[in-house]
Participant: 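Provided herewith is a single structure, encoded as structure tokens, for subsequent inquiry.
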Amino acid sequence: MTAVQILYIVAFALFVYGLMGLTGPRTAVRGNWIAAAGMGVAVIATLMIPGMGNWWLILLGLAIGAAVGVPSARRVKMTAMPQMVALFNGVGGGAVALIAWVEFRQSDGFAHEAAYVAVASLFAALVGSVSFWGSLIAFGKLQEILPGRPIGAGRLQQPINLLLLVGGLACGTAIVAGASAELLVIGLLVLSAALGVLVVLPIGGADMPVVISLLNALTGLSAAAMGLALDNTALIVAGMIVGASGTILTNLMAKAMNRSIPAIVAGGFGGGGGPAAEVDGDRTVRRTSAADAAVQMAYANQVIVVPGYGMAVAQAQHAVREMADLLEARGVAVYYAIHPVAGRMPGHMNVLLAEADVPYDRLKEMDEINGEFARTDVAIVIGANDVTNPAARTDPSSPIYGMPILNVDESRSVIVLKRGMATGFAGVDNALYFDPRTAMLFGDAKASVSDVTEELKNL
Ligand code: NAP
């Protein structure tokens, strides 16, 4: 066994050990470092392979990558994490596609290679290119460089996509059959780039995190295929880990939104809807004040905090923790209801609350907490909207119908903290706000929670 192979095995062990750490918030950061160290070992081992190439160019590439990657990862806000993941993941797919192109050139169109090398490389080029361009569009939508609403060619969309796919496959087949014109591989890359763009454009902003996870899985798959072609076990293992975990995550997210993956890729969901009014026919929302909210919670037996995307935007997690501490000091039981797709990425709320040192046993998953709402005096909804919308249970015409939600409307009283009547990510109105048991505390979540906390101190 060579030194490179031994180092690769060490790297795989570190990947697996690191992944195990990611299963819990307490060990996640350490897990991440361990997996990163594994990747470092894999990179060093790869560079030790004889005839690796031009060292100066490799070092230049590493330096540029680190100079771009490290500061942007350090500076990124938690709310912008999905688009960051999209970008980093997309670059992986793009790199794979470029490597496939280089391999094509260096081997004279795979002239002296086994058929499987050509097939795996071209598959990697196609999928990697789809992933790169699709991820760029996903990034653009989430960063609001592109409109979040679905943009598509309607009925023509699917036939166009199919044509692009067939065109890409035809180029690939011609190369495998022996054609060596470089135009064919360029054609394959261009057609799959167009496919990536056109598949993601019609998908609404609300589904974008699921799409990013799907593209992530595709990048993993393309890397694994390239590993097969290059006979590089590190690439195969790392690619398969990314492919498998991306697929599992995509499934979990789609399930939590009660949507099928084909329905998500078909597009058209979310992104619409503007701010709703405080009056709807004969229904009017009821406003409350920080002082009233404080009194209500101070004399409750049990309060459930329901955090959502707005808590992340306002960065209100520390203020929430302070408010909960005061309530607990008064003997109120405080729990946090965590919806699997609250916020904009899986585990978003857990990460924010862990950052504010909220004891982990206070965080309750949706299935665990839903039975508790009926026994709860006050549910305080902090910047959550879609994940509390009763239309998901009751209105078959609603786009979010069937999505499991937190049953906040079963509590004796609901206080909703948000800035106005704007809709959430799915762009649909929320009947909860017109429920007679609900009172709205309008304003930025951090400011509102701090106001409530001040009132609690004065009680
Ligand atoms: P949401 O439905 O997007 O609603 C967030 C609410 O927060 C908005 O209605 C907004 O209302 C309010 N808000 C924004 N900034 C605020 C601030 N500074 N202070 C107070 N309120 C603020 O959020 P959610 O209930 O967490 O639901 C998540 C949505 O994302 C779901 O539709 C889910 O399907 C989707 N999604 C999540 C994931 C994931 O992995 N987590 C993945 C895919 C999709 P105002 O503007 O009126 O304040």
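When a ligand or atom number is given, it counts from 1 through the structure's own listing order. One is the number of the first residue; the rest follow in order along the sequence.
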Participant: Ligand 1 and Val313, any nitrogen or oxygen pair closer than 3.5 angstrom?
Facilitator: no
Participant: For ligand 1, find out whether one of its N or O atoms is nearer than 3.5 Å to an N or O atom of Pro346.
Facilitator: yes
Participant: List for me each residue that meets side-chain contact (heavy atoms from CB on, under 4.5 Å) alongside Ala95, sequence neighbours excluded, and say none if there are none.
Facilitator: none
Participant: Ligand 1 and Gly343, any nitrogen or oxygen pair closer than 3.5 angstrom?
Facilitator: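 Looking only at distances, the answer is yes, because the N/O contact criterion of under 3.5 Å is met.
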Participant: Under the side chain to side chain donor-acceptor pair (under 3.5 Å) test against Gln317, which residue among Lys446, Glu322, Glu355 passes?
Facilitator: Glu355
Participant: So is Gly308 polar-close to ligand 1, meaning N/O to N/O under 3.5 Å?
Facilitator: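 N/O-N/O distance below 3.5 Å does not exist for this pair.
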Participant: Could you say whether the N/O atoms of Pro209 and ligand 1 ever approach to under 3.5 Å?
Facilitator: no
Participant: Under 4.0 Å from ligand 1, counting heavy atoms only, is it the side chain of Arg419, its backbone, both or neither?
Facilitator: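 For Arg419, the contact with ligand 1 is made by both the backbone and the side chain.
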Participant: Between His348 and ligand 1, find which residue part has any heavy-atom pair under 4.0 Å and reply side chain, backbone, both or neither.
Facilitator: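 The answer is neither.
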Participant: Under 3.5 Å, N or O to N or O, is Met253 touching ligand 1 that way?
Facilitator: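 The answer is no, given that Met253 and ligand 1 share no N or O pair closer than 3.5 Å.
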Participant: Please check: side-chain N/O of Asn216 versus main-chain N/O of Gly246, any donor-acceptor pairing under 3.5 Å?
Facilitator: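 No, because the side chain of Asn216 does not come within donor-acceptor range (under 3.5 Å) of the backbone of Gly246.
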Participant: Report the part of Thr423 in contact with ligand 1, treating N, CA, C, O as backbone and CB onward as side chain, heavy atoms under 4.0 Å; options are side chain, backbone, both, neither.
Facilitator: backbone
Participant: Sort and list the pairs that fulfil side chain to side chain donor-acceptor pair (under 3.5 Å) and have at least one residue in residues 332-344, not counting sequence neighbours.
Facilitator: none
Participant: Heavy-atom distance to atom 27 (O) of ligand 1: which of Val387, Val210, Ile400 wins?
Facilitator: Val387
Participant: Would Met403 count as a polar contact of ligand 1, with the cut-off being nitrogen or oxygen pairs under 3.5 Å?
Facilitator: no
